[in-house]
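First comes the structure, then the notes that go with it.
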Amino acid sequence: MLDINFIRANKEQVEKGMLAKGEKENSIVAEVLAKDEEWRSIVHQADGIRSESNVKAKQIGVLMGQGKKEEAQAIIAETSSLKEEIKTLEEKVKVIQEERESLLLRIPNVPHASVPVGASENDNEVYSTWGTPFKDEWRKPHWEIVERYGWVDFERGVKVTGAGFPFYVGPVAQLQRALINYFINEAGSVGYTELQAPYFVNEDSARGTGQIPDKEDMMYEIPRDGFFAIPTAEVPVTNFHRDEILAEQDLPIKYVCYTPCWRREAGSYGKDVRGLNRLHQFDKVELVKIVKPENSYEELESLREHAEKLLQDLDLPYRTLLMCTGDMGFTQSKKYDIEVWSPGQQRWLEVSSCSNFESFQARRMQLRYRKEEKNTAMVHTLNGSALAIPRVVSAILEAYQEENAKVKVPDVLKPFIGRDYL
RNA sequence: GGAGAGGUGGCUGAGUGGCUGAAAGCGCUCCCCUGCUAAGGGAGUUUAUUUGGAAACAAGUAACGAGGGUUCGAAUCCCUCCCUCUCCGCCA
């Protein structure tokens with residue numbers, strides 16, 4: 001959610017940003033400003049009448065105390081019309097405020113000046129590449145490798161739950177656990193505090209990070225208890241400090257959190273969902289940063305660099321994309337995607353997405369920090385995957401397989417797995 | 001799941017209808033005094049929002065778990081929900 005005052009002061013920028021993000025039209029910006037005018041004028045009116053009524057109530061109190069009942073009665077008679085006016089205005093305020101709020105929630109975050117303008121994924125900029133995408137005729141896609149050894153059991157996953165909920169068996173289960181541990185350790189070594197988070201959140205939390213009202217279709221719901229299964233650890237972790245005022249000296253706050261992630265992924269098909277490419281449940285290690293506004297773009301770079309380093313250490317070629325305005329999402333102001341090279345499929349797989357939300361999430365969550373002595377200001381929030389596990393597993397299986405079909409263990413994972421081959 | 005007790009400011013904790021946005025204490029900030037230290041004195045110390053103002057600030061409104069109700073007036077009375085604690089039951 002953007003600040004209404006920011007919108008008022010930067011109307012054109014917000015309107016331009018909306019179109020750049022691929023919204024069909026932007027009249028909503030003018031609408032919300034008009035609604036805000038209306039809201040303010042009615043609030044002003046209502047406050048004035050309340051003030052009058054408060055004064056009278058006090059007078060009545062004093063008169064009653066002095067035993068002057070008749071005089072008090074006279075004033076009480078005067079208040080009845082005020083009471084009605086207040087009630088009418090309050091109802092109006094409530095309605096208008098809700099309308100203003102829902103308009104405000106539909107305005108996307110403004111892209112940062114450094115973000116390339118574009119309409120679709122074709123307009124994303126290749127920010128950097130590391131390593132060389134390689135091709136060998138004998139390399140198999142990961143689904144053939146796991147099938148040969150029985151390392152991932154898709155069929156029984158379907159039986160037990162449904163498509164997209166596989167079992168991992170033996171070495172691949174071990175490999176995933178090793179990756180999780182490795183990623184958490186790496187984050188811990190550069191100052192991220194490890195968090196274990198709830199896997200279900202309530203509606204307020206889903207709203208806080210922007211999954212509601214925009215993307216509820218991506219989440220599994222437990223309506224009986226009013227819960228949502230988390231689509232990413234970003235949701236519980238960013239909401240950890242919701243409605244708080246943090247001390248300036250505590251910033252930046254950095255968390256690393258491993259969780260499974262649940263996504264309905266309605267409408268996916270074809271090669272995108274083959275094997276481990278797209279699942280309804282997958283494991284991910286997530287990084288979340290809560291920072292001072294003036295640092296947030298530096299913090300975004302260091303977040304990206306941290307995620308990239310993990311792939312370098314695994315010796316997996318990757319490329320980093322700077323997402324264009326049209327492909328970066330509603331809540332982000334700048335976003336990088338990191339894609340690992342999948343040599344068995346001859347394609348790039350997204351394994352991380354590092355975003356700066358500026359104060360967009362913070363405002364929705366009322367997450368502030370105390371500046372200097374008095375003032376409070378919204379923090380900036382960022383997050384990034386470091387990394388999504390199954391796609392890294394795909395890349396490892398495909399890149400570390402040998403012609404004899406054996407799969408080597410990456411050096412950095414050997415301490416966790418304890419042998420040279422899976 | 002059953003029974004009972006509670007939810008007040010950064011913390012502890014008063015407050016059962018009116019002058020209480022909230023006593024008192026602790027903590028914190030600033031000032032004064034004492035050569036340091038200890039002790040003492042004074043002032044300040046929630047948040048959101050509206051109006052005015054360049055700002056400092058001033059004034060108004062709202063908020064005592066959340067939402068609704070009663071009343072001229074609610075932290076205080078009533079209803080619903082949420083949460084915490086104690087006991088019982090169940091349980092990894």
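Order of the sequence lines sets the chain letters (A, B, ...), proteins ahead of strands, with each chain counted from 1. Basis for what follows: all heavy atoms, side chains included, without hydrogens, waters or symmetry-related copies.
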task: Determine, for nucleotides 65-74 of chain B in 5'-to-3' order, which nucleotides have protein heavy atoms under 4.0 Å from the base (write B), from only the sugar-phosphate (write S), or from neither (write -).
output: ---S---BS-
statement: With Glu299(A) as partner, the option from Arg304(A), Lys289(A), Lys334(A) fulfilling salt bridge (Lys or Arg N to Asp or Glu O under 4.0 Å) is Lys289(A)
message: Quick one, Gln59(A) and Val55(A) - any side-chain contact, counting heavy atoms below 4.5 Å?
response: yes
query: Starting at the 5' end of RNA chain B, which residue's closest nucleotide do you reach first, Ile4(A) or Val62(A)?
result: Val62(A)
task: Applying salt bridge (Lys or Arg N to Asp or Glu O under 4.0 Å) between Asp420(A) and each of Lys406(A), Lys408(A), Lys414(A), report the one that passes.
output: Lys414(A)
message: Does Glu294(A), at its CD atom, have more than 12 non-hydrogen atoms belonging to other residues, nucleotides or ligands within less than 6.0 Å?
response: yes
- prompt: What interatomic distance, in whole Å, is found between P of rA75(B) and the corresponding atom of rG7(B)?
  reply: 15 Å
- prompt: How about Phe416(A) and Asn185(A): do any of their side-chain heavy atoms sit closer than 4.5 Å?
  reply: yes
query: Using the C1' atom in both, what is the distance from rU80(B) to rC90(B), to the nearest Å?
result: 28 Å
Nearest to side-chain heavy atoms of His44(A), which nucleotide of rA48(B), rU61(B), rU51(B): rU51(B)
- line: Side-chain contact check for Arg370(A): nearest option of rU47(B), rA62(B), rU49(B) is rU47(B)
task: Assign each of Glu52(A) and Arg368(A) to its nearest nucleotide of RNA chain B by heavy atoms, then name whichever residue's nucleotide is nearer the 5' end.
output: Arg368(A)
message: Closest approach to the side chain of Arg40(A), judged atom by atom: which nucleotide of rU61(B), rU51(B), rU47(B) is it?
response: rU51(B)
query: Taking side chain as C-beta onward, heavy atoms only, is Asn295(A) less than 4.5 Å from Pro252(A)?
result: no
